[in-house]
Number of protein chains: 2
Amino acid sequence: MPSVADRVADELRLQLAEGILLPRARLTESTIAEDLGVSRNTVREAFAELASERLVVRHPNRGVFVASLEPGDIHDVYTVRRVIEVSAIRGGGSPEAVAAVRAAVEEGRLAAAANDDEGLGTANQHFHKAIVALAGSRRLNTIMAQVLAEMRLFFHKATMDAHFYSGYLKDNEEICAALEAGELERAAELLLAYLDRSEEKQAEVHGE
Amino acid sequence: MPSVADRVADELRLQLAEGILLPRARLTESTIAEDLGVSRNTVREAFAELASERLVVRHPNRGVFVASLEPGDIHDVYTVRRVIEVSAIRGGGSPEAVAAVRAAVEEGRLAAAANDDEGLGTANQHFHKAIVALAGSRRLNTIMAQVLAEMRLFFHKATMDAHFYSGYLKDNEEICAALEAGELERAAELLLAYLDRSEEKQAEVHGE
DNA sequence: AATCGAAGGATTGTTGAACAATCGCTAAAT
DNA sequence: ATTTAGCGATTGTTCAACAATCCTTCGATT
């Protein structure tokens, strides 16, 4: 049912998330068209989709490249996250939405017990996705989804360090507890502190 | 220097903003290609661009239509605005950014003096764009730009009523003054109240 | 008469090939 | 060593064709 262009975009998104395609890598239309057995024109449409999600950058007449976040971009991304996530948590949200946050915390706990670093990362993303979902806005959800997708792009370096996520589980648990207890202001403060620390870590890893 | 697809997208964006293309109108690839003297394929790429901005909706195998906001969308858009604008103003911002807000207020005052309803509307958009710019985030700016573009789509109905904007000038002036005085919390409250009232008005106009 | 279903027409989705425009690189010339 | 000229590869765009899908109309059935 999904169009071919969509499936091509999905495949590329997957390869981006898996780290098969690394930042700054060049994507040549003809080779991808051949590899996936589709027309060059279709690849083009897929590129347009990915470009609109900032996963890929178009350099006119030069080609498209896997996006790479520079120091300024890291701060920018975290600014967006602070604005959206903190506002969302301040709003409280429906019981089901809060339950989704709790579920993400549990998912993380399970992944940690299984020593599944990969799962730990996605659980964390689910957690922050659930935080934004508190606001109950379709548009905010898609914005957040895009930001998270953008972040996955340069998380691979960081993921190498298994200790990168160390401690964030406790943070999430604490934030979730405050949220459930209705201590929204406290939850917001904790979340903000977490984001600041996370940005700092990212800046270190990507620092030069 | 801009690509043909970009120029087609620009032209369509213009026609959307001008109200030449009304919500729910159908955009047929072949006619647009003919009208603008470009290939159908190029029109397709332009469509992809507009669809990513939510100005246009793709119904698979049925065509693309000018987006039309439904009651739920109106609330959703204002939720995004509340989250982003209020957060931005709470952050304060650089003196130049504050000056830009003031400039937008003046722009509105001039338009009002000239009885220029059209100008009044764009001045208001500049005002809110400047508010978001306080946060100094490229991503937040583009998000806000898209939201405003989305709103222009269904503002045409409202613009008929010249009194629709009545009073908002004073609001902006007051918000700006509070911002300049460093009374950020008060500015945020005023802005929030304005957005709530604005949403209510929109819901009335589009209500059924 | 109302409902259902089968052509028919129109539009989108996708392909393939072609060509111009543009860029990066290499090699020649000063 | 610097500049220039040209070459090769890739993108940007067009065109033409065909398959897939949808909407409508028309007719058949009950």
Side-chain angles (χ1 to χ4, degrees), chain A residues 1-16 20-70 142 150 153, chain B residues 1-16 20-70 142 150 153:
Chain A
M1 196 82 83
S3 89
V4 176
D6 286 338
R7 269 175 296 168
V8 172
D10 283 344
E11 173 61 23
L12 292 178
R13 256 188 289 261
L14 187 68
Q15 294 193 14
L16 289 171
I20 300 172
L21 292 174
L22 294 174
R24 293 225 161 267
R26 181 176 191 170
L27 301 180
T28 338
E29 295 180 355
S30 38
T31 54
I32 291 181
E34 233 177 271
D35 289 357
L36 302 182
V38 300
S39 154
R40 194 160 74 89
N41 241 319
T42 302
V43 172
R44 225 141 203 294
E45 292 205 16
F47 280 173
E49 208 172 319
L50 297 176
S52 80
E53 298 167 10
R54 289 183 190 271
L55 296 182
V56 122
V57 185
R58 281 194 114 112
H59 288 243
N61 287 319
R62 296 187 14 77
V64 318
F65 302 80
V66 178
S68 91
L69 299 212
E70 308 176 11
T142 76
E150 212 174 338
L153 241 56
Chain B
M1 197 79 85
S3 89
V4 177
D6 286 338
R7 269 175 295 168
V8 171
D10 283 344
E11 172 62 23
L12 292 177
R13 257 188 288 262
L14 187 69
Q15 294 193 15
L16 289 171
I20 299 172
L21 292 173
L22 295 175
R24 295 222 158 269
R26 180 176 192 170
L27 301 181
T28 350
E29 296 181 355
S30 38
T31 50
I32 292 182
E34 237 176 85
D35 289 356
L36 301 182
V38 300
S39 152
R40 194 158 75 88
N41 242 320
T42 303
V43 173
R44 228 142 199 294
E45 291 205 17
F47 280 174
E49 207 172 319
L50 297 176
S52 80
E53 299 167 11
R54 288 182 190 271
L55 297 182
V56 121
V57 185
R58 278 193 116 112
H59 288 241
N61 287 317
R62 296 185 14 78
V64 317
F65 302 79
V66 179
S68 92
L69 299 214
E70 307 172 13
T142 76
E150 211 174 339
L153 241 55

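Hydrogens, waters and symmetry mates are skipped; everything else that's a heavy atom, side chains included, is used.
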Colleague: Give the intermediate values and the outcome of side chain to side chain contact (heavy atoms under 4.5 Å, CB included) for residues A:Leu21 and A:Leu12.
Modeller: CA-CA 8 Å; A:Leu21 292 174; A:Leu12 292 178; 4.2 Å; yes
Colleague: Which residue pairs satisfy the salt bridge (Lys or Arg N to Asp or Glu O under 4.0 Å) criterion with at least one member in residues 47-62 of chain A, sequence neighbours excluded?
Modeller: A:Arg13-A:Glu49, A:Arg13-A:Glu53
Colleague: Mind checking what makes side-chain hydrogen bond (donor to acceptor under 3.5 Å, both in side chains) contact with B:Thr31, not counting sequence neighbours?
Modeller: B:Thr28
Colleague: Calculate the interatomic distance between B:Arg58 atom CZ and C:dT12 atom P; express it in whole Å.
Modeller: 9 Å
Colleague: Is there side-chain contact between B:Leu27 and B:Ile32, with heavy atoms separated by less than 4.5 Å?
Modeller: yes
Colleague: Each nucleotide in nucleotides 14-23 of chain C should get exactly one letter: B, S or -. Can you fill that in based on protein heavy atoms under 4.0 Å?
Modeller: BBB-B---SS
Colleague: Using side chain to side chain contact (heavy atoms under 4.5 Å, CB included), reason through B:Leu22 and B:Val66 one step at a time and then give a plain yes or no.
Modeller: CA-CA 7 Å; B:Leu22 295 175; B:Val66 179; over 6 Å; no
